[in-house]
Amino acid sequence: VAAMTLDTRSRTRMDPHISAMLDAKETRVRRGPYQPLSDAEVASALTRLLGASGQTGFSIENISRMSGGASKEQFSFTIVRSATNEREKMVLRMDPVDGVLETSRQREDDVLALMDGRIPVPRILYADTTGEHLGAPGIVVSFVSGVTKPADASSGGSGLGTGFSQQWR
């Protein structure tokens, strides 16, 4: 939030994308202190996003807040297609109101698209890079099973400072 108090001259020299992210962050912070989203609020936000993307005939089940990834709010959920009863597990990643790290969901979307087919990354399914439908910038991706780091890698719970063996590099 301190970055939002930069003088006008500094803001005019800033990358326009970063300036827009900081403006959106300031708007979110002014809404008040962080309140965890309820399952009903997450379902409502997802329904708005999927509806705006042209999806119809679905329900959202099994919403669960995911641990880790402290810089983003993450939820796993299952979408059920009404016509076929097909079920698909997905993940919602959203910018929190009070996050300490400001990053771009658009850039995350771009990087995941570039990595697709090269390393195991989730598929981007839906994106709300402005927060118009979700209430904050976010993306919905496919669920990828696995672990975030090898069991024998050294680091703390966040993965920060993870040292990978030659095999994993």
Side-chain angles (χ1 to χ4, degrees), residues 1-5 15-116 120-148 157-160:
V1 180
M4 289 180 270
T5 61
D15 175 307
H17 188 77
I18 293 171
S19 184
M21 283 185 350
L22 291 173
D23 289 342
K25 173 77 166 198
E26 185 174 17
T27 299
R28 288 193 312 274
V29 167
R30 286 185 178 164
R31 289 184 198 151
Y34 171 75
Q35 295 293 319
L37 295 173
S38 69
D39 290 356
E41 290 170 316
V42 172
S44 179
L46 287 167
T47 298
R48 285 191 303 273
L49 175 60
L50 273 63
S53 300
Q55 299 298 308
T56 59
F58 65 88
S59 62
I60 296 168
E61 299 179 354
N62 305 321
I63 296 170
S64 178
R65 185 175 290 272
M66 299 174 74
S67 61
S71 65
K72 301 293 167 260
E73 289 193 277
Q74 301 182 119
F75 303 88
S76 65
F77 64 96
T78 302
I79 186 168
V80 182
R81 311 273 180 206
S82 303
T84 61
N85 203 32
E86 172 193 352
R87 305 170 78 77
E88 183 178 0
K89 190 170 185 178
M90 299 179 184
V91 173
L92 167 63
R93 286 179 45 82
M94 287 177 45
D95 289 350
V97 171
D98 292 341
V100 296
L101 178 65
E102 198 62 29
T103 58
S104 165
R105 299 296 58 74
Q106 180 61 57
R107 296 272 163 86
E108 182 175 9
D109 185 286
D110 295 342
V111 169
L112 288 174
L114 287 170
M115 295 293 104
D116 189 34
V121 296
R123 287 183 338 276
I124 302 130
L125 303 171
Y126 306 96
D128 181 3
T129 58
T130 64
E132 177 183 357
H133 307 291
L134 295 171
I139 59 174
V140 174
V141 297
S142 62
F143 183 84
V144 176
S145 295
V147 297
T148 56
S158 71
L160 219 61

Chi angles and distances behind the side chain to side chain contact (heavy atoms under 4.5 Å, CB included) call for Val42, Phe77: CA-CA 10 Å; Val42 172; Phe77 64 96; 5.8 Å; no
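Here the straight-line distance linking atom CG of Leu125 with atom CG of Leu92 works out to 11.5 Å at 0.5 Å rounding. Annotation: the span from Leu134 atom CG to Asp128 atom CG amounts to 4.5 Å, rounded to 0.5 Å. The CZ atom of Phe143 lies 13.0 Å from the CE atom of Met90; values are rounded to the nearest 0.5 Å. Taken from CD1 in Ile60 to OG1 in Thr47, the straight-line distance is 3.5 Å, to the nearest 0.5 Å. Annotation: the span from Leu49 atom CG to Met94 atom CE amounts to 10.0 Å, rounded to 0.5 Å. Annotation: the span from Leu46 atom CG to Ile79 atom CD1 amounts to 8.5 Å, rounded to 0.5 Å.
For the side-chain hydrogen bond (donor to acceptor under 3.5 Å, both in side chains) test, no residue two or more places apart in sequence or in another chain qualifies with Asp116. With sequence neighbours left out, the salt bridge (Lys or Arg N to Asp or Glu O under 4.0 Å) criterion links Arg48 to no other residue. Annotation: salt bridge (Lys or Arg N to Asp or Glu O under 4.0 Å) contacts of Arg81 (sequence neighbours excluded): none. For Val80, the side-chain contact (heavy atoms from CB on, under 4.5 Å) partners two or more places apart in sequence, or in a different chain, are Ser59, Glu61, Thr78, Asn85, Arg87. Evaluation of the side-chain contact (heavy atoms from CB on, under 4.5 Å) rule for Asp39 yields Ile63 as partners, not counting sequence neighbours. When the salt bridge (Lys or Arg N to Asp or Glu O under 4.0 Å) test is applied to Glu41, no partner is found at least two apart in sequence or on another chain. In this view, Ser64 and Ser76 satisfy the side-chain contact (heavy atoms from CB on, under 4.5 Å) rule, not counting sequence neighbours.
The stretch residues 132-142 participates, sequence neighbours left out, in no side chain to side chain donor-acceptor pair (under 3.5 Å) pair at all.
Minimum interatomic distance between Phe75 and Met66 (heavy atoms only, all atoms of both residues): C-SD, 3.9 Å. Taking both residues in full, the closest heavy atoms of Leu112 and Ile139 are given as CD1-CD1, 4.1 Å, listed atom of the first, atom of the second, then distance.
Between the side chain of Ser44 and the backbone N or O of Ala40, no donor-acceptor pair lies under 3.5 Å.
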